[in-house]
Protein chains: 2
Amino acid sequence: MTAAEKHQVSRASASRRARGGSRLSGRAGIRDVAAAAGVSITTVSDALNGKGRLPDATRSHVREVAQRLGYRPSAAARTLRTGKSGLIGLTVTTYGEEPFTFTEFAYFAEMARAATSAALARGYALVILPATSRHDLWSNVALDGTVVIDPSDEDPVVTELVRSGLPVVSDGRPSGSLPVAAWVDNDHEEAVRGLLDHLAEAGARRIGLLTGTSTDTYTRLSTTAYFDWCARVGQEPVYEHYPAHDHCAGAVAADRLLARPDRPDAVYGLFDPNGTDLLAAARRYGLRVPEDLLLVCCSESSVYATTEPPITTLSLKPGRIGNTVIQLLIDAIEGIGGDAPVHQVMPTDLIIRTSSQRRSPRTTVSAPRSPGNAPGPSDPADA
Amino acid sequence: MTAAEKHQVSRASASRRARGGSRLSGRAGIRDVAAAAGVSITTVSDALNGKGRLPDATRSHVREVAQRLGYRPSAAARTLRTGKSGLIGLTVTTYGEEPFTFTEFAYFAEMARAATSAALARGYALVILPATSRHDLWSNVALDGTVVIDPSDEDPVVTELVRSGLPVVSDGRPSGSLPVAAWVDNDHEEAVRGLLDHLAEAGARRIGLLTGTSTDTYTRLSTTAYFDWCARVGQEPVYEHYPAHDHCAGAVAADRLLARPDRPDAVYGLFDPNGTDLLAAARRYGLRVPEDLLLVCCSESSVYATTEPPITTLSLKPGRIGNTVIQLLIDAIEGIGGDAPVHQVMPTDLIIRTSSQRRSPRTTVSAPRSPGNAPGPSDPADA
DNA sequence: TTGAAAGCGCTAACAC
DNA sequence: GTGTTAGCGCTTTCAA
């Protein structure tokens, strides 16, 4: 009696048969392949997964039969058995009622693109999940780990995830004492210092800041760095703030900043839309850029390359961050690298355009910073 | 002997115990909850899933115990058992080597946001997957269905998915004869006609087109509609095309279009960056917008509201599309609605700004079209 | 009303 | 080398 023949009367096959045979039960299973190839299911499993020490002949024969039968292994069964799903959660802290903040469109999109790409390269896929604490959703999907973008103070979702033993890596340093396995962030303070220095070198005497009222780390660090810089060079701070992620409020604040009696002769806008808003405001007040007003804003958008005039932007390099976050997370999942939490600080790029140059307007140059303090175990590519 | 006591000596518990007890084996399982609550695992399952006819007392008691033990049902096991994962694949046709095309950032981001949101509302999560035919990735995740954005001709991935019996709904009508369960698309031809009429009404005598060389449906339909319109009004077509999704080529083509001897007095750009490119080109040739040149481009980006001058855009309403696609897909997954493929055509919005108005520049108005031919079974909200 | 038992499809020990 | 077997943790008949 061959293996295949034995299989004919085996329990599983019988129950299948009772229900009308494998054709009616939908897709072919590993048993069908085994039967058709005349081997056992173990051999099929090993052949398809490249395990065991099978002769190449068997391996290729099984593969061929599986192919012919259109066999697709069940991801659910594999996950249940191995405890690994190959799925990574991706979540963004919510600011509104929608499950995602795409206010910073370009940043998020690029970060997500890079993360997805990096994960895929290592055999993982990303699942987009909301930052709400709705357990049912999170527990309905088997995750190997999670990436959290901009975790808020003591984020309940993150806390819960970490407590359940799931590796969590965050984009942006966690505000409180969230016990994430690792985090990646830009050196925001250094970035602001560098950019203010750049403006000062271009001739700015009084640099203003357009910032948000929100207390997230990015806003806080950047604003603090601005005040520190002002204190150091002996300039009185000139700033306006508004509820971040409220575009209209941003436009109004931009206008307010340029309407002040102590009008700044240079402005740095912390958020993506600030550039166009400030440009529009400058136009209303008849201020020429860069002659009367120097402008820099933090943005990943390429539109600032073609505005009139082109605007100098600070890029946070979201692609690089997304990639790094994923490498760190997968390393943690697979137990590569140490157990100690990794904190990786990434440099930013100042893309210098006309709006911040009074003299000779070169086109584009970058002013990278030091590459960070705690090099991770991986080798993140650039983005 | 109570159920709980019997459970103590049951097979599963024993094997667990042999490995050192449930505490060491990680998270609490349904058996632990059953034991702690003094009921059977069936009762736990029913109590937690709101099934069966249990007294409320039992139900709440079980829930409480589960809560206390920090019990989280295993998604993998449930998926294996029920055949439903609650996961929906999201894929975008690739144009480059990267797994995603975010060239049309704003469109994709907004579409994905809306889709994610809609899916979540119905208890599903989205998994981002590459359009490559790498089987290993697709078969590593248990999907209930898939959304395909911009399926290309006879897309092998889509074909494969459909053949495996998975419901597939596409954003953008499939070019060939891909047997998707449903598709959603804009009425591109009507959109172009409406927009050209609008330009003509604003005084345009010769309207140019900036378009792509790619053969995707959007480009094809829009370009054809342009030629048809020209034929109807008796205008000679004036157009330049370039490899879509190549930003630099777009800028060059924009320049070329305005450098022609038969220079158009109005231009429609099919792709997002065309607006700023055309504006830059106009500036180089000393053309005032809208006085010398009327401008419209297809874009979801809000930057066109603050350019100088603000540019009229055609919005494809990606949010609405993302939502509809998901409703259709989940309906198909859950067997709601008929079996016949649904083709839903969605209206576009023309957001009229200064760049297309020679007379009184009102701020913003929409020119919606007919709501489509085959109303789907769902009730997609607006976005 | 509640419980026992049978698997969902696969992988990994461990026999042969 | 290859096959047998025992579950992964859950849902779901079916019996009590």
Side-chain angles (χ1 to χ4, degrees), chain A residues 1-7 10-16 18-19 22 25-35 37-59 62 71-85 139-140 142, chain B residues 1-7 10-16 18-19 22 25-35 37-59 62 71-85 139-140 142:
Chain A
M1 199 182 203
T2 70
E5 283 162 353
K6 285 208 303 211
H7 177 68
S10 80
R11 187 190 46 150
S13 188
S15 82
R16 212 160 244 231
R19 274 181 284 120
S22 55
S25 84
R27 294 205 332 243
I30 196 173
R31 290 186 177 82
D32 301 302
V33 178
V39 296
S40 79
I41 60 171
T42 305
T43 306
V44 175
S45 178
D46 286 349
L48 264 32
N49 295 326
K51 300 205 169 179
R53 275 166 301 282
L54 309 174
D56 283 353
T58 311
R59 210 176 281 277
V62 170
Y71 169 70
R72 294 272 164 279
S74 151
R78 188 209 244 71
T79 300
L80 179 57
R81 185 60 237 237
T82 64
K84 252 82 201 59
S85 66
S139 60
N140 254 341
Chain B
M1 201 182 202
T2 71
E5 284 162 355
K6 285 206 303 210
H7 178 66
S10 80
R11 187 191 46 150
S13 187
S15 82
R16 215 166 242 227
R19 274 182 283 121
S22 55
S25 82
R27 292 205 334 240
I30 196 172
R31 289 185 179 82
D32 301 302
V33 177
V39 296
S40 76
I41 61 170
T42 306
T43 305
V44 174
S45 179
D46 286 349
L48 262 33
N49 295 327
K51 301 203 167 178
R53 272 169 301 285
L54 309 175
D56 282 354
T58 310
R59 209 176 283 277
V62 169
Y71 170 68
R72 295 272 164 277
S74 148
R78 178 194 262 112
T79 300
L80 178 57
R81 185 63 235 243
T82 63
K84 253 82 201 57
S85 67
S139 58
N140 253 339

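Chain letters run A, B, ... following the sequence lines, proteins first and then strands; every chain starts at 1. Excluded from the calculations below are hydrogen atoms, water molecules and symmetry mates; all remaining heavy atoms, backbone and side chain alike, are included.
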### Nucleotide nearest A/Ala77 when distance is taken to its side chain, options C/dG9, C/dT11, D/dG3
C/dG9
### Message
Is A/Thr79 close enough to D/dC8 that one of its side-chain N or O atoms is under 4.0 Å from OP1 or OP2 there?
### Response
no
### Query
Base, sugar-phosphate, or nothing: which does A/Thr58 touch, judged by heavy atoms less than 4.0 Å apart?
sugar-phosphate
#### Entry: Rounded distance in Å - CD1 (A/Ile30) to C1' (D/dT5)
14 Å
#### Entry: Phosphate contact (D/dG3 OP1 or OP2) by A/Ser40 side-chain N/O below 4.0 Å
yes
### Message
Heavy-atom nearest nucleotide on DNA chain D for B/Thr42 versus B/Leu80: which residue maps closer to 5'?
### Response
B/Leu80
### Query
Whole Å only: how far is the CG atom of A/Asn140 from the C1' atom of D/dG9?
14 Å
### Distance, rounded to the nearest Å, where A/Asp46 contributes CG and D/dG3 contributes C1'
11 Å
### Side-chain N or O of A/Ser45 closer than 4.0 Å to phosphate OP1/OP2 of C/dT11
yes
### Query
In Å and rounded to the nearest 0.5 Å, what is the CD1 to CZ distance from A/Ile30 to A/Arg78?
9.0 Å
### Query
Where each residue is assigned the nucleotide of DNA chain C containing its nearest heavy atom, which of B/Arg81 and B/Pro55 is assigned the position nearer the 5′ end?
B/Pro55
### Summary
note: A/Arg59, atom CZ; D/dT2, atom C1'; distance rounded to Å ~ 12 Å
### Query
NA contact type, A/Arg78, heavy-atom cut-off 4.0 Å: base, sugar-phosphate, or nothing?
sugar-phosphate
### Atom-pair distance (CG on A/Leu48; C1' on C/dT11), nearest Å
13 Å
### Query
Got a sec, which residues hit side chain to side chain contact (heavy atoms under 4.5 Å, CB included) with B/Thr79, two or more places apart in sequence or on another chain?
A/Ala76, B/Ser85, B/Ala142
### Message
Using whole Å, what does the distance between atom P of nucleotide C/dC10 and atom CZ of A/Arg31 come to?
### Response
8 Å
### Where A/Gly50 and A/Arg59 come nearest, the two heavy atoms and their spacing
CA-NH1, 3.3 Å
### Task
Calculate the interatomic distance between A/Ile41 atom CD1 and D/dA6 atom P; express it in whole Å.
12 Å
### Summary
When rounded to the nearest 0.5 Å, the distance separating CG of A/Asn49 from OG1 of A/Thr82 is 10.0 Å
### Message
What is the distance, to the nearest angstrom, from the CZ atom on A/Arg72 to the C1' atom on C/dC8?
### Response
20 Å
### Query
Nearest 0.5 Å, what's the OG1-CG distance between B/Thr58 and B/Asp46?
11.0 Å
